[in-house]
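Everything on this sheet refers to the single structure shown next.
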Amino acid sequence: MSSLPSAENAEPNLTPVLDMVFQLITFFMLVINFQAASLDLSLKLPVVGSARPVEKGAEDLLVLNINTAGQVMMYGNPIKPEDFVRKEGNEARIKLQLAGKKVKKGDELPTLVVVRADAGTPFELLNKVLTECQSEGFRKFALRAMNKVDAG
Amino acid sequence: MRRKRKKRSGSQEEVTLNLAAMLDMAFQLLAFFILTFKPSPVEGQINLNLPPPRPILPPEQIQKPETEEPEGDGPAAAHTLTITINSAGNGQVASMQVGLAKLFDGGLTADRLRILDRRLKDVFAIEGKPYDQVLLRVGKSLAYGELMKIIDVCTKQKMSDGTPVNKISFVELPEN
């Protein structure tokens, strides 16, 4: 008779459910990529077979999402590239000055500029952004591309 | 009855935690992560070292300083290979020139990219002409996608000392 379930003991054992849920949470926490928030996924990047995988380093990155009109896209809003690059250049210099380095406008900055431009962007507009970056002192560039055609 | 006696008997009392609240919270967290999960596409990149901008010079003048003393650190003073890419109005390549020699007329195809690749391999293999950077003179309206195909071919090349070409600079050409 003691094996019969009584009304007060009808509690399911939640431990395995909780265990599984925590494992799922751990999985999602590990795969979540906060950097992806700065990428504009509406841009159609060019496809280049030999593009190397992105190196994960502690390097300072400046991501430029450039649409076909030559504007920098920031969280879905178009911004004038000149203003944006100038502001980022100033910030990079202030950062270096706070670290005790003397830098003036045009001096080489250690920031890596990641260019994510739409495949249809005319060179004229892209070159404006690149030239602005160069005049601010950015020298290291990474041109982003897809390794293969995205099925989606 | 036996159970009651056990509980009263003291220290080995069974402690049951109420896991429902914790499970509730865990499910909320799980829901958040599932809803915000957006796998980003796998991207690659081509790393370039872009020297500071320099004034535009015709290829004849850019090619000459190869054997002379360098005047600065820009593309014109270094051992620069000039590639001229004229663009058609629709963003495609109209014609291409490596150095002073014309390579082809018309848009980019796989065959033409192979021709460019072979040509650059030949150029970089020439002894006594150690090019260390490439200057791309690009037509205004050339689409970035087309330009990347050419950059891709350029970055595949190896210089005479075996290091890959990653110093590439750009100059804008007026529209034809």
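Chain naming here is simple, since letters A, B, ... match the order of the sequence lines and numbering starts at 1 in each.
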Transitively linked via ILVMFWY side-chain contacts under 4.5 Å: [X] with [Y]?
X	Y	answer
B/Met22	B/Leu30	yes
B/Val165	B/Leu113	yes
A/Met74	A/Leu130	yes
B/Leu35	B/Phe27	no

Taking every non-hydrogen atom, the tightest pair across [X] and [Y]:
X	Y	result
B/Leu50	A/Gln134	CB-NE2, 3.3 Å
B/Gly145	A/Pro46	CA-CB, 3.7 Å
A/Ala119	B/Ala143	O-CB, 3.5 Å
B/Val171	A/Phe123	O-CE2, 4.0 Å

Mutual orientation of the aromatic rings belonging to B/Phe37 and A/Phe27 [parallel < 30°, tilted 30-60°, perpendicular > 60°]: tilted
To the nearest 0.5 angstrom, please state how far the CD1 atom of B/Ile34 sits from the CZ atom of A/Phe28. 4.5 Å
First locate atom CE of B/Met148, then atom CE of A/Met146, and finally report the distance between them rounded to the nearest 0.5 Å. 12.0 Å
Expected contact set for residues 14-25 of chain A against chain B at heavy-atom separation under 4.5 Å reads A/Leu14, A/Thr15, A/Val17, A/Leu18, A/Val21, A/Phe22, A/Leu24, A/Ile25
Under 4.5 Å from any heavy atom of chain A - which part of B/Leu147: side chain
Side chain from CB out, backbone as N, CA, C, O: work out which of these in A/Leu125 comes under 4.5 Å of a heavy atom of chain B, or both, or neither. neither
Would you say that A/Leu143 contacts B/Tyr144 through its side chain, given a criterion of any heavy-atom pair below 4.5 Å between the two side chains? yes
I'd like to know which of A/Val113, A/Thr121, A/Val31 tops the heavy-atom pair count under 4.5 Å against chain B. A/Thr121
Winner by heavy-atom pair count (cut-off under 4.5 Å) against chain B, out of A/Ile66, A/Val48, A/Val114, A/Asp118: A/Val48
In terms of heavy-atom pairs under 4.5 Å with chain A, the winner among B/Ile151, B/Leu19, B/Ile46 is B/Ile46
